[in-house]
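Report on the structure given below.
Numbers restart at 1 for each chain; the letters A, B, ... are given by sequence-line order, proteins then strands.
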Amino acid sequence: MEGQYGWGTFEDGWRKGPWTPQEDKLLTEHVKLHGEGRWNCVSRLTGLKRSGKSCRLRWVNYLRPDLKRGKITPHEETIILELHAKWRIRWSTIARSHPGRTDNEIKNYWRTHFKKGKMTKNIERARANFLKQQ
DNA sequence: AAGACAAGCAACCGCAGCGGA
DNA sequence: CTCCGCTGCGGTTGCTTGTCT
């Protein structure tokens, strides 16, 4: 298995950096077999040299079968704006209310599209709409 | 064609909360 | 009650890709 890890490095016995298709496969099979959770056991059970933290992140943000992937549509953007008006920076809560998208994805989208003063009017409008519905 | 810069995104880090021993 | 390990969350970093000059 040596030599196929790209630039990933080892630290304290754990591998870090980008995931390989082999690692993805191992993790996917593990979740299929044992379900989500018990992330700290994944390395022991599968032989993956990844921390539980890293495994959970990879699964939640990339491997989950119900993920939509692809670009965020204007409709989804509106939903995100409204949810943000409601929950502010509770990304995980927003993600749960918006199936198919991850908190990391929403957070990244927000930071690149809205944060730097861009589309402030839209954000305000969404917040006003939300408050009106209260 | 090539270098500089910006945007997008995957992944890591530190911390807090929770539950079991 | 306290300690410790595990999980989840929000913030941040840095690599990759696209665009501009």
Legend entry - Min side-chain heavy-atom separation Thr73(A)-Glu77(A) under 4.5 Å: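 SC-SC contact between Thr73(A) and Glu77(A) ruled out.
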Inset, instruction - Taking the side chain as every heavy atom from C-beta outward, state whether Glu29(A) and Leu26(A) have any atom pair closer than 4.5 Å. - result: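 Glu29(A) vs Leu26(A): side chains apart.
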Quickly work out the [X] [atom1] to [N] [atom2] distance and round it to whole Å.
X: Leu67(A); N: dC9(B); atom1: CG; atom2: P; result: 14 Å
X: Ile106(A); N: dA10(B); atom1: CD1; atom2: C1'; result: 16 Å
X: Trp14(A); N: dC13(B); atom1: CH2; atom2: P; result: 13 Å
X: Glu105(A); N: dG10(C); atom1: CD; atom2: C1'; result: 17 Å
X: Arg50(A); N: dC6(C); atom1: CZ; atom2: C1'; result: 19 Å
X: Tyr109(A); N: dG8(B); atom1: OH; atom2: P; result: 9 Å
X: Trp91(A); N: dA16(B); atom1: CH2; atom2: P; result: 21 Å
X: Trp59(A); N: dC12(B); atom1: CH2; atom2: C1'; result: 21 Å

Legend entry - Glu23(A) bridged to Arg58(A) by N-O distance under 4.0 Å: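 So Glu23(A) does not pair with Arg58(A) through a salt bridge.
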Legend entry - Lys/Arg N to Asp/Glu carboxylate O, Glu76(A) vs Lys68(A), below 4.0 Å: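 Salt bridge present between Glu76(A) and Lys68(A).
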Any side-chain N or O of [X] under 4.0 Å from OP1/OP2 of [N]?
X: Arg38(A); N: dT7(C); result: no
X: Arg111(A); N: dT12(C); result: yes
X: Lys53(A); N: dA11(B); result: no
X: Arg90(A); N: dC9(C); result: no
X: Arg56(A); N: dG8(C); result: yes

Within the structure shown, what part of the strands sits under 4.0 Å from [X] by heavy-atom distance: base, sugar-phosphate, or nothing?
X: Ile89(A); answer: sugar-phosphate
X: Asp103(A); answer: nothing
X: Asn40(A); answer: sugar-phosphate
X: Arg88(A); answer: nothing

Legend entry - Trp39(A) six-ring face occupied by Arg50(A) cation (under 6.0 Å, within 45°):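 No; the conditions do not both hold, so Arg50(A) does not lie above the ring face of Trp39(A).
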Identify which nucleotide among [options] has an atom closest to any side-chain atom of [X], counting heavy atoms from C-beta outward.
X: Arg58(A); options: dG11(C), dA11(B), dC9(C); result: dA11(B)
X: His113(A); options: dC13(B), dT7(C), dG8(B); result: dG8(B)
X: Tyr62(A); options: dA10(B), dT7(C), dC12(B); result: dA10(B)
X: Ser54(A); options: dG10(C), dA11(B), dC12(B); result: dC12(B)
X: Thr112(A); options: dG10(C), dA11(B), dG8(B); result: dG8(B)

Legend entry - hbond_proxy Asn108(A) side chain to dA10(B) base (donor-acceptor, 3.5 Å cutoff):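 Side chain to base: pair present.
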Legend entry - Trp14(A) atom CH2: more than 12 heavy-atom contacts under 6.0 Å: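 Atom CH2 in Trp14(A) is packed in, count exceeds 12.
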